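Both backbone and side-chain heavy atoms feed into the values below; hydrogens, waters and symmetry mates do not. None of the values given here were measured: they were computed from a predicted structure. Naming convention: chains lettered A, B, ... in sequence-line order (proteins, then strands); numbering from 1 in each chain.
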Amino acid sequence: MWASAPKTPSRRLYIFGALLFLWILAICFRLVRLQVVKYGDFVQRAQRQQNRTIPTEPRRGNIYDRDGYALAMSIDVDSVFAVPSEIHDQETTATLLGNVLGMDPRDIVARMQASRNFVYIKRKIDGETSNRVRQLNLRGIYFRKEPKRFYPKRELAAQVLGYVGMDDEGLGGLERQFDDDLRGIPGQELISIDARRKWFSRVERPPDPGQNLVLTIDQTIQYIAETELQKGMEDTKAIAGTVVVENPRTGEILALANRPTFNPNVFNNVPPESLKDRAVSDVYEPGSVFKIVTYSAAIDQHVVTPEDHIDCQHGSIDVFGMKIHDHESLGVVTIAEALAHSSDVAAIKVGMKLGDQRLYHYIHDYGFGQQTGIELPGETRGLAKPVSRWSKVSIGAISMGQEIGVTPLQTISLVSTIANDGVYTPPRIVAGELPPASKALPVVFHPAQQHRVVSTMTAAEMKKMLEGVVLFGTARRAILDGYTVAGKTGTAQKVDPATGVYSKTKYVASFIGFAPVNNPAITIAVILDSPIGLHQGGQVSAPVFKRIAMQVLEYMHVPRDLDVKSPQRQTLVASTKDSDLTDESPDHLGTPLQDDAAAASNAKATTTAAKPASSNEAAAATTAKISDTKPPASSGTEIAQVTALPPQPAPAGQSAPNGTVVLDVDSGVVVPSFLGKPLRSAVETAQQSGLEINAIGSGVARQQWPAPGSHLPSGQHITVRFTH
Amino acid sequence: MAKRVSVDKWLFTVTLLLVFIGLVMVFSASAVMAKERFGSPYGFLVRQMAWASAGLVAMIVVMNIDYKKFRRPPVVFTFLGITSLLLIAVFLFRDSHNTHRWIKFGGLSFQPSEVAKPALILYLAYFLESRWQQITDWKNVLIPAAAPTLLFALLIVKEPDLGTAIACVAISAAVLFVAGMNMKYLWYALAGSLLPLYFLIVRVPWRWARMQAFLDPFKDPQGKGFHIIQSMIAVSTGGLTGLGLMEGKQKLFYLPEPHTDFIFAVTAEELGLWGSLLVVSLFGIFLYRGIRTALRTDDMFGKFLATGVTAMVVVQALFNISVVLAMMPAKGIPLPFISYGGSSLFITLASVGVLLNITQQAE
């Protein structure tokens, strides 16, 4: 056997070599399979893990007022992100970042371990924080610009504009209603790491900016409304309030203010009460204001004429066994006088003469029980029961504004219908949309579908009667200098939600009026909830109306239709006593209105408010009160100076104020220096000075025209060039 | 002294080429890491170049020493003895990552298990030269021949470094096989090792995890299968021509040990199929020239020595590449000449020096 032994090593060497060559062959096959046959599969796999696609936020469309002043805009702010693979010591980096950003370092570490090439640490931080992070000079920590919503006028029209969440999603107001249009389409960016571990990004698809929104709101009128409402709230200690200013001819809402309010830049921890847009979501019993429906319907149906005499039975009437007492003991007076003094007895008698069906027909035609269709979320229909659900005393209650639930917007539409010669015009707040590229171009406003409710004759009679309310009745505090004015007060007792009966201490005091009487330019509704002390609409709401109306009419250059100091009117004003202005009904017919619509809208407001509470954005920690905010050309003294100028003729029926205010240049503002400021703080500075900014570029302000220190009228534009 | 022919130029050139490719790939695979660790991308390269230079000097020195001078018992047994001591001493050193693989003094550190391979080859060649014809006498020849291998393997397993232990056993087995060991003993040995392997692989959780990952890497792509999948991704994305030197991305976060055990994956990713086939072919040429040397050497000591050195280089290379290509479960075996690691490179080059000396004396 071992004879051939010496040859064994050679044979075994051949076998050994052959085995290893087979192994090498197998490896070659494997290489070809992996690198050629399966190439595609693995390349895909590699890209999936090596690259990350992140969405880029589109620039949200601006919201402009009717003259193109931005009420909501998007500015670029820094978002901090990390490329974790570039960071060796994640713990230390997280601790340093946590200190500056106010975050838990453990949370940051957890984020950094989620991806190798891209994680957000904190998004949309303010400039100061961003600078502090930059000063840390941390490796693997970078910034990218993201648009952040900014409301340069802070509380101005807060409930109308609404607010947005962290991802710029609209959560309230117009921001929510027009979210799809404003939002735009997100883009895509590919974040990748090159072979030297450096990150780079490539834009896969640029984001599409959203549409701009142009409102019918005029920021100056809005500011007047906000300021005067605030003052009225302080004077009367009311818990809530709403002011609406409307163009009665077109239905354009020129201002819509609510109290309590909030700053949409910092909307966390805002109580739901403040987020609520009361003008569309509050349902209340209108009280005497609703007598306009009863009287206009009766006149329109030729049931009565203003000159007819009616026996107010010394303030007492028996309606199907229930006694109603007037606040004032009137005998036989004219219909017009009965309205002026807001007699409940007269209203009941007129309503009963008219009958259920006809009264309901007008209630419906005036838009009660239906949405006005305004472009705001959360609008309620109010409560207007059909005749089939009326009790036998309902006709009496409804005639004087009880047993019916209305929204402030519905009531202003009622008064505007009279002002607009009997034609109902649905209120609107959005003038139109603009494509992203264009700055606010003139937008042509088209009124919504109008319809006639009462005849021109009836409207003319009602105007006269409502002027009488102001001149001789319950609303003498609303008499204006130089303008005729008409309107109606209302004082409704609130239903105590605890007991379900009418409260003896809580009232909704309202005054809704228009001016000038013969060619109305504006309708204004002032509604104050639960004023303390004086609580009659004529006592508390009419003065607010007067202050707003005076400023707005002057601002709009509405020609006066009276001498400024008409002696007769002076006398009327001087002789006014608070006791004369009472229109409250001391009695009630039937049961209090079950306010389920209001309850529903409350619930809605609560859910809306719950969402933003999750965000704790501190970027815009501006806490100043609304009174600090000064939109251009709208402080009281400036308006007073405008008054001194000769009245400028305005074309009849002109609906849009052109927004330019002539001012004495000497009283203009001193242009502050914007140099060195980032866009956001420049805009704020401009706001405080009552100026507007034309921003060019982005980054930090480097140049401005005119130079700091020069004098400019308020509301003028400063051009500021920003560079990085 | 036998008649002298010139050194095998193929072997010499292939070795130089592999060392050169190694330096390039170590730089490419480690530059980013080196910048972070040493502040310079050349941190690993400079160290590897120093070891390569020393190794090449050693190779040329050894190449010019007649290999027969190593045949004397004092040389063989001293080498074997020192290696044993080092393998025991390694347990006295502070562990790193719960393992005892390194001996450190000053700035230098080396793995004694690297020394074990040439020591075993030298011992086997010496012991079998006169006894290979009685190799069927298992009591007096086979057992004494295999004993040091088993001892070393046990010590190395204890470190624990199963990969190197298996490499030692495989190299010794190759020499014994060529020496004519009866095949039935090989089967006995294989059968006998099943039980210890069961305890070493199935019962050690992390090794069992590796085994499972090898069997089905895509079952747990983010966990157990991660390294295997990442390695395959690297090789595969290289395609035909590769991403280009320095352009590979898998080495950044995905590949474990991109400059040592998985350097072939980086090579395949950056140089593509052509590059990876080149490396495999160079080892193929090395195998061919090594076997040829062994065949042509009449001197049995030289024949076994040549077989051992060839097996040491090629078997380890094939093991390493097979792991990278997911053809075998992951084991910590470096790619000879190419992987970063000074002691391995130095000792491999010195061993090649012996082989080159043998080529000079083959007919």
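A salt bridge does not link A:D168 to A:R149: none of the charged side-chain nitrogens sits closer than 4.0 Å to a carboxylate oxygen. Between B:D137 and B:R131 there is no salt bridge, since no side-chain nitrogen of the basic residue lies less than 4.0 Å from a carboxylate oxygen of the acidic one.
Of the two parts of B:A31, neither the backbone nor the side chain holds a non-hydrogen atom closer than 4.5 Å to a non-hydrogen atom of chain A. With a 4.5 Å cut-off on non-hydrogen atoms, B:A179 does not touch chain A at all. For B:A268, the parts lying under 4.5 angstrom from a heavy atom of chain A are both the backbone and the side chain. Neither the backbone nor the side chain of A:V37 comes within contact range of chain B; no heavy atom of the residue lies under 4.5 Å from a heavy atom of that chain. Both the backbone and the side chain of B:A311 come within contact range of chain A, each with at least one heavy atom under 4.5 Å from a heavy atom of that chain.
Put simply, of B:V314, B:L240, B:L243, B:I291, the one with the most heavy-atom pairs under 4.5 Å next to chain A is B:I291. Of all the listed residues (A:I15, A:L19, A:V43, A:I27), the one sharing the greatest number of non-hydrogen pairs under 4.5 Å with chain B is A:I27.
Around atom NZ of A:K38, no more than 12 heavy atoms belonging to other residues, nucleotides or ligands sit under 6.0 Å away. Applying the 6.0 Å contact sphere to CZ of B:F38 captures more than 12 heavy atoms from other residues, nucleotides or ligands.
With a 4.5 Å cut-off on side-chain heavy atoms, A:Q35 and B:S236 do not count as touching.
Distance CZ/B:F264 to OG/B:S339: 11.0 Å, rounded to 0.5 Å.
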